[in-house]
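Naming convention: chains lettered A, B, ... in sequence-line order (proteins, then strands); numbering from 1 in each chain.
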Amino acid sequence: FTTGNPKWKRNQLTYRILNYTPKMTKDDVDQAIQKALSVWANVTPLTFQKVEDKDADIVISFAYRDHQDNSPFDGPNGQLAHAFQPGEGIGGDVHLDEEEEWTKDGRGYNLFIVLAHELGHSLGLSHSNDPGALMYPTYSYTAPSEFLLPQDDIDGIQAIYGQSNTAVQPTGPITPRACDPNLTFDAITTLRGEIIFFKGRYMLRKHPARTETELNFISLFWPKLPSGIQAAYENVERDEVLLFKEDKYWVLRGYDIAPGYPKPIYRLGFPKTVRRVNAAYSDEATGKTYFFVADRYWRYDEKKRSMDHGYPRKIVSDFGKIGRVDAVFIKDGYVYFFHGTTQFQFDPRAKQVVGQMKSISWFNC
Amino acid sequence: FPVTPEAEDERKTLELVESYLQNFYDLQRDHQPHLRSKGENHLAAKLKKMQEFFGLEVTGKPDPDTLEMMKKPRCGVPDVGNYV
């Protein structure tokens with residue numbers, strides 16, 4: 001919250017667009033502004049009405065360097081925009097640095113994302129130190145079509161203006177914390193010696209030589225990848241990682257998404273009855289890759305690049321009672337299966353589970 | 001004597017740190033030179049506040065992770081104090 005808890009005294013607010021940037025079409029700017037306003041309108045009783053040619057509570061403008069508000073902009077990058085807390089005159093206004101590369105996608109700086117953040121200030125929010133929050137100070141891209149207002153921001157704005165009038169209260173994504181004992185994963189893979197844990201739009205990155213775990217948005221590294229990756233495995237020999245979501249997969253070559261992806265999973269030999277892959281790992285020693293789907297699994301031969309005959313088989317027949325597999329990876333000759341907050345260590349030579357840990361055992365909690 | 005590259009780097013780093021803390025952590029701009037030592041403690045205190053906010057290791061020194069965070073594009077509104 002902002003010191004002094006400034007807030008608008010009424011819920012029906014007005015906004016005015018003072019000028020436009022030449023870097024985007026007028027329509028795209030209008031759409032970005034409307035979408036940014038709806039982010040907050042959807043979770044509060046607030047409404048925003050556009051006015052022209054007269055003063056408004058929130059005046060949105062693009063400004064250059066020193067623009068007479070005692071807070072000059074600094075040219076490309078650095079400070080992207082600022083906004084003022086609720087109040088008369090400049091209060092509530094949003095200033096965007098004209099020298100930034102404003103866009104409606106992942107290039108440069110996405111106008112919608114920055115505006116949604118600044119409008120949080122216009123309504124009385126200050127910065128959050130939750131790295132996944134919209135009100136976190138630094139810029140990070142999320143595809144506008146995938147954007148969901150995080151729970152941290154919903155909690156903040158509803159503490160000021162109350163809940164929305166809708167019957168069902170909206171909720172938002174919660175930022176994973178490495179040492180949360182309830183943490184579960186969507187997918188896990190090794191990547192050139194590191195271990196990458198996927199969760200929603202985040203990835204937790206663990207390097208064996210570093211004690212702390214790095215939390216990043218998936219889009220920070222791979223803007224073309226969607227959130228909610230469901231399975232992933234590394235083919236060490238080919239220095240590739242395959243990532244799966246629904247009936248598609250992407251290939252990461254080194255650190256870049258290979259061109260021409262995503263492709264349908266059926267290219268790998270899955271029958272059309274398979275709609276998604278729950279988890280996967282590839283055993284470099286045998287050149288065999290294992291795909292887990294519900295209570296069954298397929299085995300794929302990386303050399304022949306086709307599914308082995310006699311599959312699918314029941315997971316329980318060959319891996320024991322590990323239940324449904326949320327995520328799996330192989331490291332130093334052992335296979336680690338994740339089912340909820342439980343992790344099973346499986347020895348493929350002995351063909352049995354040899355250990356059971358918490359899902360967060362890799363994070364030095 | 002020409003400034004050695006290391007000294008030049010150090011000066012630029014100090015400038016980056018001071019300007020970031022002035023913009024976002026309410027570091028006062030007008031330090032008197034004779035209060036240099038006090039100024040340094042003041043700067044280290046603000047630097048610790050920034051490191052705490054971002055969940056970085058609180059060293060009070062401009063270590064690589066801290067400098068990397070300071071170089072990220074961001075909102076111009078301070079992380080502490082008022083912006084009116």
> I'd like to know if the side chain of Glu214(A) pairs up with that of Asn216(A) as donor and acceptor (distance under 3.5 Å, no hydrogens or angles considered).
yes

> Could you have a look at Phe73(A), Tyr136(A), Tyr109(A) and say which one has the most heavy-atom pairs with chain B under 4.5 angstrom?
Tyr136(A)

> Side chain, backbone, both or neither: which part of Glu118(A) has an atom under 4.5 Å from a heavy atom of chain B?
side chain

> Which atoms of Phe24(B) are under 4.5 Å from chain A, going by heavy atoms: the side chain, the backbone, both sets, or neither?
side chain

> Asp65(B): what forms a salt bridge (charged side-chain N to carboxylate O under 4.0 Å, His left out) with it, not counting sequence neighbours?
Arg210(A)

> OG/Ser140(A) to CZ/Arg201(A) distance, rounded to the nearest 0.5 angstrom?
7.0 Å

> Which residues pass the salt bridge (charged side-chain N to carboxylate O under 4.0 Å, His left out) test with Glu68(B), not counting sequence neighbours?
none

